[in-house]
Amino acid sequence: MLRAVSHSLLNISAATLRGLVSWFESNKREMPWRNTRDPYRIWVSEILLQQTQVATVEPYYNRFVKTFPNVEALAKAPLDKVLKVWEGCGYYARARNLHKAAKQIVAMGGKLPQSSHELRKLAGIGPYTSAAIASIAFGEAVQVLDGNVERVIARVTCEEGFITEKSVHSKLKATAEVWMQAAVKAELSPGALNESLMELGATVCKPREALCSDCPLKKVCVARKTRDDVTELPRKPVMQTTPHYDIGAAIVRKNGRILITKRPEKGLLGGLWEFPGGKKERGETLEECVRREMREELDIQVEVGTQIASVKHAYTHFKITLHCFECKHVGGEVKLLHVTDAKWVRPSELRNYAFPKADRVVLDILTNS
DNA sequence: AAATCGGGGGG
DNA sequence: CCCCCAGATTT
């Protein structure tokens with residue numbers, strides 16, 4: 001055990017690390033947040049980049065910093081507006097926590113904390129993000145260990161253990177720490193080492209394709225030397241298949257307006273608006289499901305008309321097909337039984353509200369027909 | 001330690 | 001169409 005770690009520690013030379021960073025300097029992709037030193041913008045970019053690819057993040061980042069140019073602007077904005085800018089980007093707890101942390105920072109005097117330890121205390125900032133901001137924005141010698149860096153180190157050190165095991169994770173982290181110390185001794189900047197390793201993982205040492213001939217670490221990579229297929233590392237347990245649900249949803253119309261409801265602040269799609277509805281139960285038709293959901297969630301009676309859309313969508317732990325029906329409101333005043341808010345909205349105003357992706361598809365069908 | 005929490009891209 | 005990706009928080 002000790003030997004495996006020691007081996008990788010002793011083998012990373014200043015020259016190799018310099019080669020890595022200079023590879024990065026000449027191969028790095030252009031990104032909007034790489035043109036700024038503003039810690040606020042670097043923070044926003046790192047939150048958006050959690051679980052999300054660079055190409056997806058770019059338009060969201062540009063819109064976000066234009067709408068909320070600094071911590072104060074973000075802190076004083078209503079959450080609904082923050083969610084609207086985040087609409088479609090997923091993992092909405094990130095937006096809620098970013099907003100919450102902005103308020104925390106303003107309460108602390110308006111300046112972002114500069115150490116990874118202090119950053120870690122803010123909502124939505126965990127081990128990865130605190131290290132990323134501290135190293136990139138403030139030059140702290142703290143290593144990041146995101147999925148890219150884990151993969152690069154697992155391959156370079158030929159770590160065969162399952163990535164989900166704590167001991168394996170600790171080993172990779174220990175190696176990353178030693179590399180960081182070696183980089184500091186070689187007078188390389190901590191942020192540059194971290195960005196180099198992440199960029200290498202994203203563009204060369206990729207999950208299902210390793211472009212080893214382009215890799216600045218190819219001479220020291222143990223997996224490349226000893227294995228047929230480096231992409232088998234890091235090892236991961238097989239994922240189990242996810243359940244599928246049919247959802248019945250209603251476009252309830254009254255006096256030219258459509259009824260939308262707001263989801264609870266916590267949990268799945270928290271704080272977003274949607275067309276009311278819910279899971280179809282066994283032995284129930286979609287039409288019966290819609291009538292039942294309108295009764296249970298809102299205490300209204302509807303007449304279910306034609307189906308206007310059937311949208312498939314995959315979440316992290318299950319899949320849905322959203323079946324959407326035109327409905328006529330025929331009785332009952334709306335009561336907030338299982339929703340936090342409800343509004344009758346003109347079709348042209350629907351786009352002012354933040355909807356989940358599946359509902360956005362329905363909305364597009366609705367307004368383009 | 002395991003489950004929750006989106007949406008995009010690739011084969 | 002299915003499979004893969006992966007950081008923070010909650011349980």
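Reckoned from all heavy atoms, side chains included, excluding hydrogens, waters and symmetry mates. Chain letters run A, B, ... following the sequence lines, proteins first, then strands; residues in each count from 1.
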Peer 1: Roughly how many Å apart are C:dT9 and B:dG8, using the C1' atom of each and rounding to a whole number?
Peer 2: 23 Å
Peer 1: Where the side chain of A:K166 is concerned, which of B:dG7, B:dA1, C:dA6 is the nearest nucleotide?
Peer 2: B:dA1
Peer 1: So does A:T52 reach the base of B:dG7 with its side chain, donor to acceptor, closer than 3.5 Å?
Peer 2: no
Peer 1: Considering only the P atoms, how many Å lie between B:dG6 and C:dT11, rounded to the nearest integer?
Peer 2: 15 Å
Peer 1: Would you please say whether a donor-acceptor pair under 3.5 Å links the side chains of A:D146 and A:Q50?
Peer 2: no
Peer 1: Roughly, in whole Å, what's the span from CG in A:L322 to C1' in B:dG7?
Peer 2: 16 Å
Peer 1: Give every pair of a protein N or O atom and an N or O atom of nucleotides 8-11 of chain C that lie under 3.5 Å apart, one pair per line with the distance.
Peer 2:
{"residue": "C:dA8", "atom": "OP1", "partner": "A:G126", "partner atom": "N", "Å": "3.0"}
{"residue": "C:dA8", "atom": "OP1", "partner": "A:G126", "partner atom": "O", "Å": "3.4"}
{"residue": "C:dA8", "atom": "OP1", "partner": "A:Y128", "partner atom": "N", "Å": "3.4"}
{"residue": "C:dA8", "atom": "OP1", "partner": "A:T129", "partner atom": "N", "Å": "2.9"}
{"residue": "C:dA8", "atom": "OP1", "partner": "A:T129", "partner atom": "OG1", "Å": "2.8"}
{"residue": "C:dA8", "atom": "OP2", "partner": "A:P127", "partner atom": "N", "Å": "3.4"}
{"residue": "C:dA8", "atom": "OP2", "partner": "A:Y128", "partner atom": "N", "Å": "3.2"}
{"residue": "C:dT9", "atom": "OP1", "partner": "A:G124", "partner atom": "N", "Å": "2.5"}

Peer 1: Send over the distance from A:Y91 OH to B:dG6 P, rounded to a whole Å.
Peer 2: 7 Å
Peer 1: Quick one: A:L48 CG to C:dG7 C1', roughly how many Å, whole number?
Peer 2: 13 Å
Peer 1: Below 4.0 angstrom from OP1 or OP2 of B:dT4, is there any side-chain N or O of A:Y315?
Peer 2: no
Peer 1: Do the ring centers of A:Y315 and A:H317 come within less than 6.0 Å of each other?
Peer 2: no
Peer 1: Looking at A:E160, is its backbone amide N or carbonyl O close enough to the side chain of A:R235 to form a donor-acceptor pair, meaning the two atoms are under 3.5 Å apart?
Peer 2: yes
Peer 1: A:S170 and A:S167: side-chain donor and acceptor closer than 3.5 Å?
Peer 2: no
Peer 1: What does A:G270 touch in the nucleic acid at a heavy-atom separation under 4.0 angstrom: a base, only the sugar-phosphate, or nothing?
Peer 2: nothing
Peer 1: Between A:F355 (CZ) and B:dG7 (C1'), how many Å, whole number?
Peer 2: 18 Å
Peer 1: Which nucleotide in the list C:dC2, C:dA6, B:dT4 gets nearest to the side chain of A:H317?
Peer 2: B:dT4
Peer 1: Is a side-chain donor-acceptor pair under 3.5 Å present for A:E140 with A:S116?
Peer 2: yes
Peer 1: Looking only at side chains, do A:R94 and A:N97 share a donor and an acceptor under 3.5 Å apart?
Peer 2: no
Peer 1: Is there a side-chain polar atom (N or O) of A:K236 under 4.0 Å from OP1 or OP2 of C:dA6?
Peer 2: yes
Peer 1: Across the strands shown, which category fits A:K312 at heavy-atom distances under 4.0 angstrom: base, sugar-phosphate, nothing?
Peer 2: sugar-phosphate
Peer 1: For atom C1', what is the distance between B:dA3 and C:dA6, given to the nearest Å?
Peer 2: 14 Å
Peer 1: Is a donor from one side chain sitting under 3.5 angstrom from an acceptor on the other, for A:Y128 and A:E46?
Peer 2: yes
Peer 1: Where is the tightest heavy-atom contact between A:A250 and A:V290, given as atom of each residue plus distance?
Peer 2: CB-CG1, 3.8 Å
Peer 1: Give me the distance, rounded to whole Å, that separates C:dC4 from B:dC5 when you measure between the P atoms they each carry.
Peer 2: 22 Å
Peer 1: Closer than 3.5 angstrom, by distance alone: can the side chain of A:H329 be matched with the main-chain N or O of A:G331 as a donor-acceptor pair?
Peer 2: yes
Peer 1: A:K319 NZ to B:dC5 C1': how many Å, rounded?
Peer 2: 17 Å
Peer 1: By nearest heavy atom, map A:E165 and A:P356 onto DNA chain B; which one lands nearer the 5' end?
Peer 2: A:E165
Peer 1: Determine the contact category for A:R360: base if any of its heavy atoms lies under 4.0 Å from a base atom, sugar-phosphate if only primed atoms, P, OP1 or OP2 are that close, otherwise nothing.
Peer 2: nothing
Peer 1: Mind checking A:L269 for me? I need base, sugar-phosphate or nothing, with any heavy atom below 4.0 Å counting as a touch.
Peer 2: sugar-phosphate
Peer 1: Indicate whether the side chain of A:S310 and that of A:H323 have a donor and an acceptor atom separated by less than 3.5 Å.
Peer 2: yes
Peer 1: Do the side chain of A:E199 and the main chain of A:R29 share a donor and acceptor less than 3.5 angstrom apart?
Peer 2: yes
Peer 1: What's the NE2-C1' distance between A:H169 and C:dG7, to the nearest Å?
Peer 2: 11 Å
Peer 1: Would A:V57 and A:F68 show up in the same hydrophobic cluster when neighbours are defined by side-chain heavy atoms closer than 4.5 Å?
Peer 2: yes
Peer 1: Using Watson-Crick and G-U wobble pairs whose two distances are both under 3.5 Å, how do you write the pairing of DNA chain B as dot-bracket, with | for links to another strand?
Peer 2: |||||.|||||
Peer 1: Under 6.0 Å from the NZ atom of A:K254, do we count more than 12 heavy atoms belonging to anything else shown?
Peer 2: yes
Peer 1: Side-chain N or O of A:R151 versus OP1/OP2 of C:dA6: is the shortest distance under 4.0 Å?
Peer 2: yes
Peer 1: Report the distance from atom CG of A:N194 to atom P of C:dG7, rounded to the nearest whole Å.
Peer 2: 13 Å
Peer 1: Can you check nucleotides 8-11 of chain B for protein contacts, nitrogen or oxygen pairs under 3.5 Å, and list what you find?
Peer 2:
{"residue": "B:dG8", "atom": "OP1", "partner": "A:K357", "partner atom": "NZ", "Å": "3.0"}

Peer 1: Roughly, in whole Å, what's the span from CD1 in A:I133 to P in C:dG7?
Peer 2: 14 Å
